[in-house]
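Residues take their numbers from the sequence shown, with the count starting at 1. Worth knowing before you read on, the calculation uses all heavy atoms, side chains too, and leaves out hydrogens, waters and symmetry mates.
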Amino acid sequence: MRKKKGRRIAACLVLTLSVPVMALAGWRLAGIWQSNREGRDSYARLADSVRRELPARDTDAGGRVIDFAALQAVSPDAVAWLECPGTVIDYPVMRAADYNHYLHRLPDGSYNANGSLFIDFNCAPDFTDQLTVVYGHNMKSGQMFGSLTKYKDQAYYREHPYFLLYTAGGGAAQRIDLLYGCVIDAAQWRERAFSYQVNLEALLAYAAYNTTFDSQTQYSPEDRVVALSTCSYEFEGARYVVLGVLRSQ
């Protein structure tokens, strides 16, 4: 009898202690869900307010232009708009004076775990450098660069072989024809200074050797390259980087 009573007491204690733990976990999950929804809705409203569809006779890259006056009225830090047709990647690209500013801020400056896509502050804001690096979170919800790691699959590359880039200097988009995708340690990325265009050839050589997909895109030394970087989870500090060649339509 005493053993049974002891087991009942132990079970009650476990249940009593587990209730607040489950409540806390539920509260955190609700917070994540709310943050994801707020981020998604904010970006959807922004896209609706800055996209301008072109008449049928004028359609070209994507059939639209971005109203940068409207976009920069929301955030003067917005320097571009990046789109991967057929995916959720359809976002403004920001540029600030440091890496941390847009890690957890939306373009309007409000806090959100999704953060924003942003270019390395060492890069020219108009993508005229020979190498421009764009960072974004790998969100479990699939938002931001959450779908970028799908380029580890050749079939996904075949379905989405290019991105579209709109910049403040022009109306129609430029294409980013994808070249390589590779996993790299964040520490190695920094040590090799791969974010600097002076090391572009070394970056391309590394990416070519370690690429996760095969591309028919050709590269010449005069081309401008865009690198899209996000977290990956093969090991601690892993990053997945997709490189493409920037070309006018």
_side-chain contact (heavy atoms from CB on, under 4.5 Å) between Ile66 and Arg51, intermediate numbers included_ = CA-CA 5 Å; Ile66 299 297; Arg51 286 192 189 120; 4.2 Å; yes
inquiry  = Please evaluate residues Val225 and Leu179 with respect to the criterion side-chain contact (heavy atoms from CB on, under 4.5 Å), reporting the C-alpha separation (whole Å), side-chain torsions for both, the decisive distance (0.1 Å), and the verdict.
reply    = CA-CA 9 Å; Val225 173; Leu179 190 60; 5.5 Å; no
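- Closest of all the heavy-atom pairs between Phe194 and Ala202 is CE2-C, 3.7 Å.
- The side-chain hydrogen bond (donor to acceptor under 3.5 Å, both in side chains) analysis of residues 183-194, with sequence neighbours excluded, yields no pairs.
- The backbone N or O of Leu178 lies less than 3.5 Å from a partner atom in the side chain of Thr217, making a donor-acceptor pair.
- Formation of a donor-acceptor pair under 3.5 Å by the Glu83 side chain with backbone atoms of Val88 is not found in this model.
- Cluster annotation: Ile89 and Phe127 are assigned to the same hydrophobic cluster (Ile/Leu/Val/Met/Phe/Trp/Tyr, side-chain heavy-atom contacts under 4.5 Å, transitive).
- Residues Ala227 and Leu131 share a closest heavy-atom pair of CB-CD1, 4.2 Å.
- More than 12 heavy atoms of other shown residues, nucleotides or ligands fall within 6.0 angstrom of atom OH in Tyr219.
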Practice problem: Run the numbers on Arg95 and Asp77 for salt bridge (charged side-chain N to carboxylate O under 4.0 Å, His left out), then give the verdict. | Solution: CA-CA 5 Å; Arg95 184 176 183 271; Asp77 290 338; over 6 Å; no
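- Although no hydrogens or angles enter the test, the distance criterion places a donor-acceptor pair under 3.5 Å between the side chain of Thr211 and the main chain of Gly181.
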Under the side-chain contact (heavy atoms from CB on, under 4.5 Å) rule, what do Ser232 and Arg239 come out as? Steps first, then yes or no, please. CA-CA 5 Å; Ser232 194; Arg239 299 291 184 270; 5.8 Å; no
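- Side-chain rings of Phe213 and Tyr157 approach one another, their centers coming within less than 6.0 Å.
- Phe235 CZ: more than 12 foreign heavy atoms inside a 6.0 Å radius.
- In this structure, Ala78 and Met94 approach most closely via the heavy-atom pair N-CE, 3.6 Å.
- A donor-acceptor pair under 3.5 Å links the side-chain atoms of Thr212 to the main chain of Tyr151, judged by distance alone.
- Proximity of a side-chain donor or acceptor of Asp129 to a complementary backbone N or O of Ala124 within less than 3.5 Å is detected.
- Closest heavy-atom contact between Thr132 and Cys123: CA-SG, 3.8 Å.
- Of the possible polar contacts, none joining the Ser75 side chain to the Gln72 backbone as a donor-acceptor pair under 3.5 Å is found.
- No donor-acceptor distance shorter than 3.5 angstrom exists from the side chain of Thr167 to the backbone of Ala80, with no hydrogens or angles considered.
- Side-chain atoms of Leu228 and Phe163, non-hydrogen and from C-beta on, do get closer than 4.5 Å to each other.
- Side-chain N or O atoms of Tyr91 include one that pairs as donor or acceptor with a backbone N or O of Met144 at under 3.5 Å.
- Residues forming a side chain to side chain contact (heavy atoms under 4.5 Å, CB included) with Tyr233 (at least two apart in sequence, or on another chain): Asn138, Cys231.
- Seen from the ring of Tyr240, Lys152 counts as a face-on cation partner, given the 6.0 Å and 45° thresholds.
- Counting all heavy atoms, side chain and backbone alike, Leu164 lies closest to Pro85 at CD1-CG, 4.0 Å.
- Within the 4.5 Å cutoff, the side chain of Phe121 has no heavy atoms near those of the Val133 side chain.
- For residues 212-230, the salt bridge (charged side-chain N to carboxylate O under 4.0 Å, His left out) pairs, not counting sequence neighbours, are Asp223-Arg247.
- Tyr156 and Thr149 share no donor-acceptor pair across their side chains, judged by distance under 3.5 Å alone.
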* Asked: Given Tyr162 and Ser215, is the side chain to side chain donor-acceptor pair (under 3.5 Å) satisfied, shown in steps?
  -> CA-CA 11 Å; Tyr162 67 90; Ser215 166; over 6 Å; no
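- Between Tyr135 and Tyr99, the two ring planes are perpendicular [angle over 60°; tilted spans 30° to 60°].
- The aromatic rings of His104 and His137 lie parallel to each other, with less than 30° between the two planes, well short of the 60° mark.
- Closest approach of Val183 and Tyr206 over heavy atoms only: O-OH, 3.2 Å.
- Judged by distance alone, with hydrogens and angles left aside, the side-chain atoms of Thr230 form a donor-acceptor pair with the main-chain N or O of Gly136 at under 3.5 Å.
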Handout entry: CA sep, side-chain torsions, deciding dist, call: Phe118, Val93, side-chain contact (heavy atoms from CB on, under 4.5 Å)
Key = CA-CA 5 Å; Phe118 61 94; Val93 181; 5.5 Å; no
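- Under the 3.5 Å distance criterion, the side-chain polar atoms of Asp98 are matched with a main-chain donor or acceptor of His101.
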